[in-house]
Amino acid sequence: MSIVIQLDVMMAKRKIGLMELAEKINITPANLSILKNNKAKAIRFSTLEEICKALDCQPGDIIEYVKE
């Protein structure tokens with residue numbers, strides 16, 4: 001079982017780039033890239049909230065549970 005971050009999919013749907021999103025949610029592009037590339041070990045709820053606001057989506061649109 002694993003949690004998969006689908007941030008890149010939602011960013012593509014909303015036609016927003018990494019640098020633009022990073023600026024909107026006040027996070028470094030490097031940290032956003034780690035999250036986007038599914039390398040993050042954790043995410044703060046405040047960061048998730050800002051991402052959802054910026055992309056006009058729900059947390060479930062970004063985070064997915066995948067059974068192995």
Side-chain angles (χ1 to χ4, degrees):
M1 66 181 135
S2 64
I3 301 293
V4 178
I5 304 296
Q6 301 286 345
L7 183 57
D8 54 342
V9 174
M10 189 54 61
M11 287 172 62
K13 286 181 181 177
R14 299 294 191 254
K15 295 182 174 100
I16 187 169
L18 184 88
M19 297 297 285
E20 185 181 352
L21 182 58
E23 191 173 300
K24 279 187 174 188
I25 65 172
N26 198 25
I27 191 173
T28 65
N31 284 339
L32 187 58
S33 179
I34 288 169
L35 186 60
K36 180 178 156 280
N37 293 316
N38 214 22
K39 303 287 185 200
K41 300 291 182 196
I43 183 171
R44 291 178 187 215
F45 283 134
S46 58
T47 302
L48 182 58
E49 181 179 1
E50 290 302 316
I51 290 170
C52 289
K53 281 182 193 174
L55 296 178
D56 189 30
C57 65
Q58 294 294 312
D61 297 329
I62 297 170
I63 299 173
E64 180 182 9
Y65 170 75
V66 178
K67 233 181 196 181
E68 291 181 358

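Just so you know, these numbers use all the heavy atoms, side chains as well, and skip hydrogens, waters and symmetry mates.
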Worksheet, complete the sentence: Smallest heavy-atom separation, Pro59 atom then Cys52 atom, equals N-SG, 3.5 Å
Worksheet entry | Single hit among Asp61, Ile25, Ile27 for side chain to side chain contact (heavy atoms under 4.5 Å, CB included) with Ile51 | Ile25
Item to complete: To the nearest 0.5 Å, tell me how far Leu32 CG sits from Ile34 CD1.
Response: 9.5 Å
Item to complete: Answer yes or no: is there a side-chain heavy-atom contact under 4.5 Å between Leu48 and Glu50?
Response: no
Discussion item. Counting neighbours of CD on Glu64 that are heavy atoms of other residues, nucleotides or ligands and sit closer than 6.0 Å, is the number greater than 12?
Written reply: yes
Item to complete: Nearest 0.5 Å please: distance from the OG atom of Ser2 over to the NZ atom of Lys67.
Response: 12.5 Å
Worksheet entry | Student check: side-chain heavy atoms of Cys57 and Arg14 closer than 4.5 Å | yes
Worksheet item: Val9 and Leu21: same hydrophobic cluster, using ILVMFWY side-chain contacts below 4.5 Å?
Response: no
Discussion item. Just verifying a value: how many Å separate Asp56 CG and Ile16 CD1, rounded to the nearest 0.5 Å?
Written reply: 11.5 Å
Worksheet item: Could you state the interatomic distance from NZ (Lys15) to CG (Leu55), rounded to the nearest 0.5 Å?
Response: 13.5 Å
Worksheet item: Met19, Met10: one ILVMFWY side-chain cluster at the under-4.5 Å cut-off?
Response: no
Practice prompt. Would you mind reporting whether Met11 and Leu18 have side-chain heavy atoms less than 4.5 Å apart?
Written response: yes
Worksheet item: With the 4.5 Å side-chain cut-off for hydrophobic clustering, are Ile43 and Ile3 part of the same group?
Response: yes
Item to complete: Go through the steps for Val4 and Gln6 under the test side-chain contact (heavy atoms from CB on, under 4.5 Å), then give the verdict.
Response: CA-CA 6 Å; Val4 178; Gln6 301 286 345; 3.4 Å; yes
Discussion item. Nearest 0.5 Å, please: how far is CG in Asp8 from NZ in Lys13?
Written reply: 11.0 Å
